[in-house]
**Student:** 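Dropping a structure here in structure tokens format, bear with me for questions.
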Amino acid sequence: MTLRRPADQDIVVVGATGDLAARKLLPALYNLDIEGLLPERGDVIGVAPMDWDDERFRSHAEEAIRSFSRSRLEPRRFAAFAARLRFVPIGPDGDLAPLRAAAGRPERLLYLAVPASAFTSLARALGAAGLAAGTKLVIEKPFGHDVDSATRLNAALHEVLPEERIYRIDHYLGKETVQNLLVFRFGNSVFERVWNRDAISRVEITVAESLGVEHRGAFYEETGAIRDIVQNHMFQLLAVTAMEPPISFAAEAIRNEKVKVLDALHPVAPGDVVRGQYAAGSVDGEAVPGYRDEEGVDPASGVETFAALRLQIDSWRWAGVPFLLRTGKRLAVRDTRMVLSFREAPLHLFRAVGLRALDSNRLVIRVQPDEGISITFVAKRPGPEVTTQPVEMDFSYEGSFKASTPEAYERLLLDAMIGDPTLFIRTDEVEQAWRLLEPLQEAFAEGYPHLSLYSAGSWGPLEAARLLEPDGYEWVNP
Ligand code: BG6
């Protein structure tokens, strides 16, 4: 397969001295360069309100790549990459006029690696500096914090740029496993035939993190698990899992089907949600503090670090199948997966020999870590008696491909440079995702549902089990 090389353009990172640039963007650009996937001509221009020059930026990039790149920093390769690096200081007012003089190419990808509160003013500054023409703009979540703020942000962006030049990143869509789900579903006829309410009894999506809020306590106080993970990453996983086959693999065909899933989601009732917050506990054998003792967090905080939701999709394919979403910080392990449980066999021929309903077939899509897919089924234990046991058929990325998985940001930066919007979030998707959560946000503001504490290192509040009780099931933990 020939790899796609983007047309000539500059890559501008506004906020180039910050955390996102160091951890993700500079290492991703370096890895793309190694693979010959940066434009043949074009600079990587760092922009920030700092008194830095090109040399200072190059040594910053070198350090960032040394610390965070998936491939090791090699001096010769880095020297070639560093030759593209330039730095443009701007004032604290965010005026982008200095960039106009520095931009070498008429086309550019401009990444706003800055806090979301600066998106609108920087987009306007882009227009005021006469740089809107020729710019593709990349921004990251949070895209607003409710319907109203998201609509205002979108309107402000559209004053400067048309929708097709705005690339909203949800880095979960750049993950290999999530992209593979499209291939798995629509490239294999065997699975698509059972991908519906006739065969599937429930779908669980878990995004579990063992880390706490780290140094982002103040940010998290304004956010919470629903806004940080559910509104974006989990709704994207849900959309890709539940969407109808698109009429083609073209960007808009895929994005249309994803939006239809969000449109078909039943409004979320606060009674179908469990909220939790981690208390002190132990993770990987180490004692860790509770959320309220983290730096930057109100000691009486009512912010949720865990959320579980029971959702329904009102479509012919999924009516009556619960979609159970669960996410939390300081859970037992870091693990993101989708579990599709299949209906039990219609006759329990083997109940007498110990086959339990819980052993019914399961398809597990492991998004991270240990990326792969497995199918669980029951087998007869060898021997003269008929005894059954659940067993697994497993595909692992590492085992099958023996290559290191590219970082989500590499794929997303490349697609944005090329101008392929498939893996980016459209205006209507963002607004619909917020609309769905609006009743919840109102209920939360009134303290409902109440917040349950859970010990760090557990699987969240015991109450989360309540969401599966109507069907007599339990959460499937890794
Ligand atoms: C970010 C959230 O969007 O995703 C973080 O703001 C979270 O709170 C992170 O830790 C998880 O991403 P990943 O790729 O490590 O699963």
Side-chain angles (χ1 to χ4, degrees), residues 15 18-25 27-28 68-70 111-117 119 138-145 150 167-181 205-238 240 276-278 283 288 291 294-297 301 303-307 325-338 365-371 397 404-413 423-425 429-430 433-434 437 456 460 478:
D19 212 45
L20 178 66
R23 283 174 187 274
K24 300 291 183 188
L25 306 183
F68 300 115
S69 164
R70 74 181 163 93
Y111 201 124
L112 293 185
V114 296
S117 54
F119 287 170
V138 184
I139 58 170
E140 284 247 9
K141 73 188 243 310
F143 312 118
H145 51 90
Y167 292 76
R168 296 179 194 79
I169 284 199
D170 181 315
H171 76 281
Y172 266 57
L173 286 181
K175 292 187 192 272
E176 278 290 334
T177 347
V178 177
Q179 293 166 53
N180 186 42
L181 183 53
I205 303 180
T206 296
V207 175
E209 296 186 87
S210 53
L211 289 179
V213 289
E214 308 300 291
H215 53 278
R216 299 195 309 156
F219 159 81
Y220 206 80
E221 280 286 277
E222 301 291 313
T223 318
I226 294 271
R227 287 193 174 117
D228 190 36
I229 301 279
V230 175
Q231 189 268 351
N232 33 75
H233 306 327
M234 294 199 89
F235 276 1
Q236 287 303 320
L237 295 179
L238 170 80
V240 176
Q277 187 190 76
Y278 64 83
V283 174
V288 296
Y291 175 68
E294 301 273 19
E295 187 194 317
V297 172
S301 173
V303 167
E304 81 283 353
T305 60
F306 174 97
L325 273 50
R326 178 175 60 154
T327 184
K329 298 226 178 253
R330 285 286 188 226
L331 295 183
V333 290
R334 172 171 186 257
D335 191 282
T336 294
R337 58 177 56 202
M338 273 89 82
I365 298 155
R366 301 189 303 272
V367 175
Q368 64 186 22
D370 181 25
E371 292 89 347
Y397 269 77
S404 81
T405 320
E407 281 274 335
Y409 281 89
E410 292 171 39
R411 172 63 194 263
L412 294 173
L413 279 166
L423 299 177
F424 297 85
I425 313 294
E429 247 173 310
V430 175
W434 284 121
L437 293 171

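All values derive from a computational prediction rather than experimental measurement. Just follow the structure's listing: the first ligand is 1, and inside any ligand the first atom is 1. Counting from 1, the numbers follow the sequence of the chain as shown.
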**Student:** Should you measure from each heavy atom of Lys329, which atoms of ligand 1 turn up under 4.0 Å away?
**Tutor:** 5 (C), 7 (C), 8 (O), 10 (O)

**Student:** Among all protein heavy atoms in this structure, tell me which lies nearest to atom 1 (C) of ligand 1, with the distance rounded to 0.1 Å.
**Tutor:** His233 NE2, 3.7 Å

**Student:** Taking both backbone and side-chain atoms of Thr336, is any N or O found less than 3.5 Å from an N or O belonging to ligand 1?
**Tutor:** no

**Student:** Is it the case that atom CD in Glu214 sees more than 12 heavy atoms from other parts of the structure closer than 6.0 Å?
**Tutor:** yes

**Student:** Give the residue and atom name of whichever protein heavy atom lies nearest to atom 14 (O) of ligand 1, and the separation in Å to one decimal.
**Tutor:** Lys175 NZ, 2.6 Å

**Student:** Any side-chain heavy atom of Gln368 within less than 4.5 Å of one from Thr177?
**Tutor:** no

**Student:** Measure up the His171 and Tyr409 rings against each other and bin them: parallel (under 30°), tilted (30 to 60°), perpendicular (over 60°).
**Tutor:** parallel

**Student:** What residue and atom, counting heavy atoms only, is the protein's closest point to atom 6 (O) of ligand 1, and at what distance?
**Tutor:** Asp228 OD1, 2.6 Å

**Student:** Of all the heavy atoms in Tyr172, does at least one lie under 4.0 Å from an atom in ligand 1?
**Tutor:** yes

**Student:** Output all residues satisfying side-chain contact (heavy atoms from CB on, under 4.5 Å) with Ala332, sequence neighbours left out; order by chain, then residue number.
**Tutor:** Trp459

**Student:** What do we get for Glu140 next to ligand 1 when only non-hydrogen atoms under 4.0 Å count, side chain, backbone, both or neither?
**Tutor:** neither

**Student:** Is Lys141 reaching over with its side chain to a backbone N or O of Asp170, donor-acceptor style, under 3.5 angstrom?
**Tutor:** no

**Student:** Keeping the roles fixed (side chain from Glu304, backbone from Ile226), state whether a donor-acceptor pair exists under 3.5 Å.
**Tutor:** yes

**Student:** To check your reading of the model: name the closest protein heavy atom to atom 11 (C) of ligand 1, its residue, and the distance in Å.
**Tutor:** Glu209 OE1, 3.7 Å

**Student:** Please answer whether the main-chain N or O of Val367 pairs with a side-chain N or O of Thr336 as donor and acceptor at a distance below 3.5 Å.
**Tutor:** no

**Student:** Among all protein heavy atoms, pick the one closest to atom 15 (O) of ligand 1 and tell me residue, atom and distance.
**Tutor:** Arg334 NH2, 3.5 Å

**Student:** Which heavy atom of Ala225 sits nearest to which heavy atom of Phe306, and what is that distance?
**Tutor:** CB-N, 4.0 Å

**Student:** Short N/O distance, under 3.5 Å, between His171 and ligand 1?
**Tutor:** yes

**Student:** Among protein heavy atoms, which lies nearest atom 8 (O) of ligand 1, and at what distance?
**Tutor:** Arg216 NH2, 2.5 Å

**Student:** Run the numbers for me: atoms of ligand 1, each under 4.0 Å from some heavy atom of Gln368, listed by number.
**Tutor:** 13 (P), 16 (O)

